[in-house]
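Data block below; observations after.
Whatever order the structure lists them in is the order used to number ligands and atoms, beginning at 1.
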Amino acid sequence: MTFYSEIKNSLLDLEGKSLKRSPLTISSSQNAEILINGLPYVCFCSNNYLGLANHSSISSSAISALQSFGFGSSSSRLVSGTMDLHRSLEERICRFLGFDRSLLFSSGYCANIGTIQSLFDSSDVIFSDRLNHASIIDGCRLSRSRLFIYDHLDISQLRSLLSQNRCFGKKALVVTESVFSMNGDIAPLKDLRSLCYDFDAALMVDEAHSLGVFGPRGTGLCLSSDVDCDIFIGTFSKAFGCFGAFVSSSNEVISLIENRARSFVFSTSPPVSFAAAAISSIDLVESSDTLRSRLFFLSSRLRRSLTDLGYRLIEGSSPIIPVLFGDPKAVIDFSSALFERGFFVQGIRPPSVPVGSSRLRIIPIATHTDRHIESLIDSFRSLYPLYSAI
Ligand SMILES: *Cc1c(COP(=O)(O)O)cnc(C)c1O
């Protein structure tokens with residue numbers, strides 16, 4: 001049948017371009033050291049920044065909620081699925097970040113598509129950074145708004161796009177990540193804020209990679225740099241070591257999202273055991289800056305050492321350390337060589353990053369030991385000939 005032969009061709013095409021992916025299976029909990037095929041590896045490619053993914057107080061909160069409330073939540077929140085713990089988590093998020101209201105989603109992906117689709121339509125205009133996450137791009141497409149893409153972090157291009165095109169929309173949105181997930185660089189939030197004031201646009205910031213990581217108490221970059229954003233997206237799946245996500249904003253904005261976001265309205269609410277886990281992860285993230293300091297200590301050490309060894313990094317001050325290779329096959333070969341030495345560092349290839357910018361994306365975890373970091377640096381030292389030959 002044509003269907004199956006075409007599917008096969010598409011897969012062969014991916015394989016031919018070194019773009020076919022198949023995930024490795026991990027048989028331990030997620031932390032600095034993991035088990036793959038029964039063997040130990042040091043993991044340097046997770047978003048588990050603070051090492052909370054297997055934290056015992058998060059799992060015990062989930063277990064006690066499971067025992068009291070069972071697993072299933074039975075339906076969409078708007079039908080019969082809103083439970084006490086969903087509300088408690090939303091209130092806890094508001095106390096953590098200082099917004100009027102927050103709304104949970106099953107994932108950051110759902111939060112972005114639902115939020116943008118519910119607030120903007122074909123009579124509006126959206127201005128989006130070229131490197132924004134796929135879920136932001138998909139949300140913009142779903143909204144059917146007129147979309148203007150500005151070059152990554154390019155404020156002056158955004159200003160000229162706004163001055164030429166703001167007039168075409170009733171409402172306008174500027175949307176950005178605060179820390180860019182694949183580059184680890186940081187949006188000029190203050191400049192974006194003032195452009196939004198100048199052009200009567202709302203500012204939406206996705207803090208997936210900065211919440212829990214940046215700022216005192218881990219409140220992220222908007223709060224710590226004193227930038228008011230109109231729509232705030234956060235996820236519990238990364239630094240918080242949990243699952244699920246949320247949007248925070250004013251009462252009215254959240255009310256409209258609650259009524260119109262298709263990924264919220266037409267989807268069963270997440271289990272309340274997740275909400276209980278997320279509440280304890282906020283407690284942990286907020287209670288101390290020790291893990292964050294350790295994370296930044298390790299990431300600046302890695303950045304410095306890899307740069308000194310001659311590797312080409314994308315500069316930045318976040319714990320995301322991209323080592324550029326360009327060619328997808330080169331990055332896979334290097335990643336395999338590291339794997340043979342006991343390190344799991346995933347190669348990132350298109351479509352996650354633009355063609356020609358395949359990279360290793362190294363992320364330390366606060367629970368890595370000094371020895372873990374030193375032996376990774378040693379391996380990069382001995383593998384340098386493989387890199388310089390590209
Ligand atoms: C990971 C990520 C998401 C998706 O969050 P999930 O909770 O994993 O679905 C959204 N936005 C950005 C910027 C991300 O990096």
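Within 4.0 Å of ligand 1, contacts by protein heavy atoms are made from Ser107, Gly108, Tyr109, Asn112, His133, Ser135, Glu177, Ser181, Asp206, Ala208, His209, Thr235, Ser237, Lys238.
In this view, Asp121 satisfies the salt bridge (Lys or Arg N to Asp or Glu O under 4.0 Å) rule with no residue, not counting sequence neighbours. Residues satisfying the salt bridge (Lys or Arg N to Asp or Glu O under 4.0 Å) test with Lys170, not counting sequence neighbours, are none. Applying the salt bridge (Lys or Arg N to Asp or Glu O under 4.0 Å) rule to Asp124 yields the partners Lys171; only residues at least two apart in sequence or on another chain are considered.
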**OP:** Determine, stepwise, if the pair Phe334 / Phe380 fulfils ring-ring contact (aromatic ring centres under 6.0 Å, His included).
**Re:** CA-CA 10 Å; Phe334 200 95; Phe380 269 90; 5.4 Å; yes

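Tyr109 and His133 are not linked by any side-chain donor-acceptor pair at a separation below 3.5 angstrom, with hydrogens and angles left out of the test. Under 3.5 Å, the side chains of Ser57 and Ser280 contain no donor-acceptor pair of N or O atoms.
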